[in-house]
Amino acid sequence: MTSRTWFLTGASRGLGAHWAEAILARGDRLAATARDKTSLAPLSERYGERFLPLQLDVRDSAAVRDAVQSAEVTFGGIDVLVNNAGHMLTGAVEEVEEEQARAQMDVNYFGALWATRAVLPGMRERRAGRILQVSSFGGLVAYPALGIYQASKWALEAMSESLAAEVAAYGIHVTLIEPIMFPTGLAAASPQARQDPAYAHARQALYAGAAASGLTPGDPAATAEALLALTETPEPPMRVLFGTGGLEALRTEYSGRLAGLEQWDHVARLAQGKPSGS
């Protein structure tokens, strides 16, 4: 079993905590980040020199570069990057404050972008690497009262798909992980927008939709095995759902989008205009 070096953001709680434990239990080396690295002390005690705890706010691009450099100096290079740090802002578009919207994008999108850019020179030089971007089922669909959170994930999806095409020539694989429903406490630990009574119906629609979805919460601990399986796969997917029930919802979503585009194709053709010279 080949030993790897990982760089994992958001390692102190939720899915990241399960993944950090599994990576180290596999025998790999791990540089893991948290806003407060004292939360990672138990892993340091158990795994010693194979574990490098790093205090990091992923919104700080210079700090991200320094953290990646520390990991590369300590372990000699990063084989797998997992961009997991994030939070989930709940609120209608009009309810969200400007600083909340910027913070959401800074953590979920720009934080992942800074870490991705920081590891790429080393991966290109070695002509190998895995970049695992933790998106969301909400990176594929959008619901009321989650628009800003889901915008951050849609941005991550688009950037990562372009990145995959750019770096494939260097033997670097990019995979978007899209968890569906896992009880990690993410929403409870995340900031919430002020609630305007004008958008009570949007919040009700969000909760009603979740209740009617039929989706069953998955086991956060089980995601660690799936994460490790992705790194063992010679040709990993561009996208992978974590959890079940999402495929049916996506079939409905995407068929509806295509139907809408077909219904309004006459307007698309109107916008095209007549061929030049006709």
Side-chain angles (χ1 to χ4, degrees), residues 1-56 58 64 66-86 111-112 114-116 118-120 122-123 126 128-136 156 160 171-179 182-186 218-237 239-243:
M1 186 172 63
T2 303
S3 178
R4 298 187 177 93
T5 296
W6 299 62
F7 190 98
L8 167 67
T9 66
S12 63
R13 61 177 177 81
L15 299 180
H18 292 289
W19 296 350
E21 187 72 53
I23 290 164
L24 291 164
R26 182 184 183 276
D28 289 350
R29 297 168 297 276
L30 173 64
T33 79
R35 293 287 295 272
D36 178 4
K37 73 174 184 179
T38 60
S39 62
L40 302 174
L43 293 176
S44 294
E45 294 170 3
R46 290 204 302 278
Y47 294 103
E49 295 182 354
R50 287 197 291 112
F51 181 62
L52 176 65
L54 295 165
Q55 189 151 315
L56 179 64
V58 296
V64 171
D66 289 344
V68 168
Q69 184 176 32
S70 294
E72 290 177 331
V73 169
T74 300
F75 294 133
I78 295 168
D79 301 307
V80 185
L81 166 66
V82 184
N83 277 314
N84 174 64
W114 305 146
T116 297
V119 302
L120 282 173
M123 288 185 175
R126 293 187 299 277
R130 303 287 179 101
I131 297 174
L132 305 179
Q133 311 281 40
V134 182
S135 179
S136 166
L156 180 64
S160 299
I172 301 169
H173 296 281
V174 180
T175 295
L176 285 153
I177 296 172
E178 292 144 347
F182 291 91
T184 62
L186 176 63
D219 178 4
T223 63
E225 185 177 354
L227 183 82
L228 295 178
L230 284 174
T231 64
E232 298 290 347
T233 303
E235 296 294 330
R239 288 179 170 84
V240 60
L241 296 173
F242 272 19

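Quick caveat, the model's predicted, so the values are computed rather than measured.
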Peer 1: Measuring from atom CG of L230 to atom CD1 of I177, what distance do you get when rounded to the nearest 0.5 angstrom?
Peer 2: 5.5 Å
Peer 1: Using every non-hydrogen atom in the two residues, find where P220 and G218 come nearest and quote the distance to one decimal.
Peer 2: CD-O, 3.3 Å
Peer 1: Hey, what do you get for NZ (K37) to CG (L56), rounding to the nearest 0.5 Å?
Peer 2: 11.5 Å
Peer 1: One pair to check against side-chain contact (heavy atoms from CB on, under 4.5 Å): E178 and S136. What are the steps and the verdict?
Peer 2: CA-CA 4 Å; E178 292 144 347; S136 166; 5.9 Å; no
Peer 1: Once rounded to the nearest 0.5 Å, what's the spacing between atom CD of E49 and atom OG of S44?
Peer 2: 11.5 Å
Peer 1: Could you walk me through whether T116 and Q133 satisfy the side-chain contact (heavy atoms from CB on, under 4.5 Å) test, starting with their C-alpha distance in whole Å, then the side-chain angles of each, then the deciding distance to 0.1 Å, before giving a yes or no?
Peer 2: CA-CA 9 Å; T116 297; Q133 311 281 40; 3.3 Å; yes
Peer 1: Work out which heavy atom in L15 is nearest to a heavy atom in P179; give both atom names and the distance.
Peer 2: CD1-CG, 4.2 Å
Peer 1: Would you say the side-chain atoms of R50 pair up with the backbone N or O of L24, donor to acceptor, closer than 3.5 Å?
Peer 2: yes
Peer 1: So does R26 pair up with E225, basic N to acidic O under 4.0 Å?
Peer 2: no
Peer 1: List in chain and number order the residues that pass side-chain contact (heavy atoms from CB on, under 4.5 Å) with A226, two or more places apart in sequence or in another chain; answer none if no residue qualifies.
Peer 2: F242
Peer 1: Kindly compute the distance separating CZ (R4) from CD (E232), expressed to the nearest 0.5 Å.
Peer 2: 4.5 Å
Peer 1: For a quick test of your reading: what N or O donor-acceptor pairs under 3.5 Å do the side chains of residues 66-75 make, sequence neighbours left out?
Peer 2:
{"unit_1": "S70", "atom_1": "OG", "unit_2": "D66", "atom_2": "O", "d": "3.0"}
{"unit_1": "T74", "atom_1": "OG1", "unit_2": "S70", "atom_2": "O", "d": "2.8"}

Peer 1: Grab the two heavy atoms, one from L54 and one from L40, that are nearest each other, plus how far apart they are.
Peer 2: N-CD1, 4.4 Å
Peer 1: Applying salt bridge (charged side-chain N to carboxylate O under 4.0 Å, His left out), which residue pairs with at least one partner in residues 7-23 are found, sequence neighbours left out?
Peer 2: E21-R46
Peer 1: Is a side-chain N or O of S160 found less than 3.5 angstrom from the main chain of L176, in a donor-acceptor match?
Peer 2: no
Peer 1: Mind listing the side-chain donor-acceptor pairs of residues 5-12 below 3.5 Å, one per line with the distance, residues two or more places apart or on another chain?
Peer 2:
{"unit_1": "T5", "atom_1": "OG1", "unit_2": "R29", "atom_2": "NE", "d": "2.8"}
{"unit_1": "T5", "atom_1": "OG1", "unit_2": "R29", "atom_2": "NH2", "d": "3.1"}
{"unit_1": "W6", "atom_1": "NE1", "unit_2": "D28", "atom_2": "OD2", "d": "2.8"}
{"unit_1": "T9", "atom_1": "OG1", "unit_2": "N84", "atom_2": "N", "d": "2.9"}
{"unit_1": "T9", "atom_1": "OG1", "unit_2": "A85", "atom_2": "N", "d": "3.0"}

Peer 1: I want to check something: taking the side chain as every heavy atom from C-beta on, are I131 and L120 in contact at a cut-off of under 4.5 Å?
Peer 2: yes
Peer 1: Under the side-chain contact (heavy atoms from CB on, under 4.5 Å) rule, what do N83 and V134 come out as? Steps first, then yes or no, please.
Peer 2: CA-CA 6 Å; N83 277 314; V134 182; 5.9 Å; no
Peer 1: What distance do Y47 atom OH and I23 atom CD1 have between them, rounded to the nearest 0.5 Å?
Peer 2: 11.0 Å
Peer 1: From T33 OG1 over to Q55 CD, what is the distance, rounded to the nearest 0.5 angstrom?
Peer 2: 10.0 Å
Peer 1: List in chain and number order the residues that pass side chain to side chain donor-acceptor pair (under 3.5 Å) with R35, two or more places apart in sequence or in another chain; answer none if no residue qualifies.
Peer 2: none
Peer 1: Going by the rule side chain to side chain donor-acceptor pair (under 3.5 Å), which residues pair with T223 if we only count those two or more places apart in sequence or in a different chain?
Peer 2: W19
